[in-house]
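Reading through the structure tokens given below for one structure.
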Amino acid sequence: MKTIKEMYRQPGEYFGKTISLCGWIRSNRNSKAFGFIELNDGSFFKNIQIVFEEEKLENYKEIARLGVGTAILVKGVLVETPNAKQPFEIKAESIQVEGHSPSDYPLQKKRHSFEFLRTIAHLRPRTNTFSAVFRVRSLLSYAIHKFFQERDFVYVHTPIITGSDAEGAGEMFQVTTFDLKNVPVTEEGRIDYKEDFFGRETNLTVSGQLNAEAYALAFRNVYTFGPTFRAENSNTARHAAEFWMIEPEMAFADLNDDMILAEDMIKYIFDYVLQHAPEEMEFFNNYIDKGLLERLDNVVQSEFGRITYTEAVEILKKNNDKFDYKVEWGTDLQTEHERYLTEKIFNKPVFVTDYPKEIKAFYMRLNDDGKTVAAMDLLVPGIGEIIGGSQREDRLDVLDTRIRGLGMREEDYWWYRDLRKYGGTRHAGFGLGFERAIMYMTGMSNIRDVIPFPRTPRSAEF
RNA sequence: UCCUCAGUAGCUCAAUGGCAGAGCACUCGGCUGUUAACCGAGGGGUUACUGGUUCGAGUCCAGUCUGGGGAGCCA
């Protein structure tokens, strides 16, 4: 059994030879005595054309009637077709049906809306677009591991179930074995979590960062790559309740090292996919986003922009008449401001650094000005924030002041504080939204279309 | 959660308050090199749901549900 990918990659090896292929019919056109089947076997983005003739097949009439989606086994000879649209085709000697596809098969050999395809998430990987998206997702995933492994980063599996609501970052999904119709309560009438499975309140993780820091302070350079959960009622094209995140963490590194790593990583993984999925990338460029390849080439070759929050505010304030929300130092940048920076001012990815401490998380390192923290966001055209990172606060007394100032309890962070107490050092890391990277890479504009079975508010059908 | 737009055949969409329509798909027939093949015929509807206005509602009004786009939160 051969694959269609082998035909396309080394056609010369197979010309004139009889080969077997199995796959699914994408289209079937025929006339009285001959017909053409577009076959896709999942090994490759493109299809191969099967020519079948009445005089060669005893089951010609049956084959001519087969619908889109039918699984078949084909034996035939690969021949060159220099004057046709396709480079070669299979002259069938026999075609056997493996699985029929009745006429109510929802996929047609024409364009469907992404909205409709989301309602048939189990069938949409059989379409061109989703075939390309999910092969790129796989390659991008591999490229990320390759990038970090080549640099001797240690891959750490941080927990999915967590006992800390660490960052206070958004709503969390609670994990419990309680019978929700009969929850144990204490004498004071509160929920008695001591009776729950873990003996405490637990949730699905919103970030592996705090755990990754512990391993960075042992292995120096580490990364996590796994699922993350946010129970926010976010209804946008860029948010999902379950998504994947890559979180590198480096000891003996500052914010500048962090940005260098982020830039190197983005360039490396994009370049890897461009080289290993040329057919898919060309498809995206032609049918999803016309300027895609040009923009990605620009990303791989250009230096990312860098600007401090304070400088960005100065620029944006001069253009305040263009914005619905006026910019003022101390407020967080709105989407419209971020897009203006990355799309109009820089026209390429840009790091914005050193945000006011009030609008950033407690673990970010306080700068010498006492007003800002060593944080960085990487903004990219079309998507917005794709990476958020920082140098971590490694001075225990400063960290404690921050924790208390935010009304949090030091004892809840006892092990995190231990990392500063015993051999603490400067360290930094960031979080890359994996799906946002895929969106940027493919031009797909909705996060629901780059996750195989997406989970969003009111939606977990598959 | 807020703002906004939409929901009509399997899909993509038309239809001035007055007979429910087209293209594609599907079924049947035809066709000797097709490329989302082509030609002919046919079947296919609780107009998202509930209520209201009206002689008459796909169309107007109210509510609900679902989806898209935008915002917030963020990755």
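If you're wondering where the values come from, they're calculated on a predicted model, not measured in any experiment. Chain naming here is simple, since letters A, B, ... match the order of the sequence lines and numbering starts at 1 in each.
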[N]: pairing nucleotide in any strand, Watson-Crick or G-U under 3.5 angstrom:
N: B:G23; answer: B:C11
N: B:G58; answer: none
N: B:C73; answer: none
N: B:U16; answer: none
N: B:G40; answer: B:C28
N: B:G67; answer: B:C5

Which whole number of Å gives the distance between the [atom1] atom of [N] and that of [M]?
N: B:A9; M: B:A48; atom1: P; answer: 8 Å
N: B:G63; M: B:G70; atom1: P; answer: 26 Å
N: B:G33; M: B:A14; atom1: C1'; answer: 37 Å
N: B:A20; M: B:C38; atom1: C1'; answer: 30 Å
N: B:U34; M: B:U12; atom1: P; answer: 31 Å
N: B:C13; M: B:G58; atom1: C1'; answer: 14 Å
N: B:G43; M: B:U50; atom1: C1'; answer: 32 Å
N: B:C61; M: B:G17; atom1: P; answer: 11 Å

Just compare [options] and give me whichever is closest to any side-chain atom of [X].
X: A:Gln49; options: B:U34, B:C74, B:U1; value: B:U34
X: A:Phe34; options: B:U12, B:G72, B:U32; value: B:U32
X: A:Ala237; options: B:C73, B:G70, B:G67; value: B:G70
X: A:Glu38; options: B:U66, B:C74, B:U35; value: B:U35

What is the distance, rounded to the nearest whole Å, between atom [atom1] of [X] and atom [atom2] of [N]?
X: A:His239; N: B:G72; atom1: NE2; atom2: P; result: 9 Å
X: A:Gln209; N: B:A75; atom1: CD; atom2: C1'; result: 13 Å
X: A:Leu333; N: B:A71; atom1: CG; atom2: P; result: 14 Å
X: A:Phe52; N: B:G33; atom1: CZ; atom2: C1'; result: 12 Å
X: A:Ile37; N: B:G33; atom1: CD1; atom2: P; result: 18 Å
X: A:Glu115; N: B:G69; atom1: CD; atom2: P; result: 6 Å
X: A:Phe36; N: B:C38; atom1: CZ; atom2: P; result: 14 Å
X: A:Phe114; N: B:U12; atom1: CZ; atom2: C1'; result: 14 Å

Less than 6.0 angstrom from the centroid, inside 45 degrees of the normal: does [X] satisfy that with respect to the ring of [Y]?
X: A:Lys371; Y: A:Trp329; result: yes
X: A:Arg448; Y: A:Phe453; result: no
X: A:Lys267; Y: A:Phe304; result: yes

Is [X] near enough to [N] that one of its side-chain N or O atoms lies under 4.0 angstrom from OP1 or OP2?
X: A:Arg118; N: B:G68; value: yes
X: A:Arg29; N: B:U34; value: no
X: A:Ser31; N: B:U32; value: no
X: A:Ser27; N: B:U35; value: no
X: A:Asn28; N: B:A37; value: no
X: A:Lys32; N: B:C31; value: yes
X: A:Thr335; N: B:G70; value: no

- Message: Using 30° and 60° as the class boundaries, would you call the ring planes of A:Phe283 and A:Tyr287 parallel, tilted or perpendicular?
- Response: tilted

How would you label the contact of [X] with the nucleic acid (heavy atoms, under 4.0 Å): base, sugar-phosphate, or nothing?
X: A:Ala240; result: base
X: A:Gln86; result: base
X: A:Thr119; result: nothing
X: A:Asn235; result: base
X: A:Lys91; result: base
X: A:Arg26; result: nothing
X: A:Glu242; result: nothing
X: A:Arg111; result: base

- Message: Quick test of your reading of the model: are A:Arg238 and A:Glu385 salt-bridged, counting only N-O distances below 4.0 Å?
- Response: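 A:Glu385 and A:Arg238: not salt-bridged.
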
- In Å, rounded to the nearest 0.5 Å, how long is the span from NE2 of A:His239 to CG of A:Asn446?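 Reported to 0.5 Å precision, the distance equals 12.0 Å.
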
- Quick one: pull up CZ in A:Arg339 and NE2 in A:His337 and give me the separation to the nearest 0.5 Å.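 Output value for this atom pair is 13.0 Å.
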
- Can you tell which of A:Tyr215, A:Phe430, A:Tyr155 makes a ring-ring contact (aromatic ring centres under 6.0 Å, His included) with A:Tyr223? A:Tyr155

- Task: Could you pick out which residue, A:Trp244 or A:Tyr325, lies toward the 5' side of RNA chain B when each is mapped onto its nearest nucleotide?
- Result: A:Tyr325

- By nearest-heavy-atom nucleotide on RNA chain B, the more 5' of A:His112 and A:Ser234 is A:His112

- Would you mind reporting whether A:Ile387 and A:Met265 have side-chain heavy atoms less than 4.5 Å apart? yes

- Query: Would a 4.5 Å heavy-atom cut-off, applied to side chains only, mark A:Phe153 and A:Phe147 as touching?
  - Reply: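 No; the side chains remain at least 4.5 Å from each other.
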
- Item | Aromatic ring of A:Phe243 stacked on base six-ring of B:A75, 5.5 Å, 30° |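 Yes; centroid distance and tilt both under limits.
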
- Message: Any donor-acceptor pair, under 3.5 Å, between the side chain of A:Glu336 and the base of B:G70, if you only look at N and O atoms?
- Response: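 Flag unset: no donor-acceptor pair detected.
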
- Side-chain donor or acceptor of A:Arg458 under 3.5 Å from a matching atom on the base of B:C65? no

- Can you spot which of A:Arg392, A:Gln391, A:Gln209, A:Arg402 makes a side chain to side chain donor-acceptor pair (under 3.5 Å) with A:Tyr363?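 By the side chain to side chain donor-acceptor pair (under 3.5 Å) criterion, A:Tyr363 pairs with just one of A:Arg392, A:Gln391, A:Gln209, A:Arg402: A:Gln209.
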
- Query: Does A:Arg9 CZ have over 12 foreign heavy atoms under 6.0 Å away?
  - Reply: yes

- With sugar-phosphate taken as primed atoms, P, OP1 and OP2 and all else as base, the protein-contact string of nucleotides 21-28 of chain B at under 4.0 Å (heavy atoms; B, S, -) is --BBSSSS

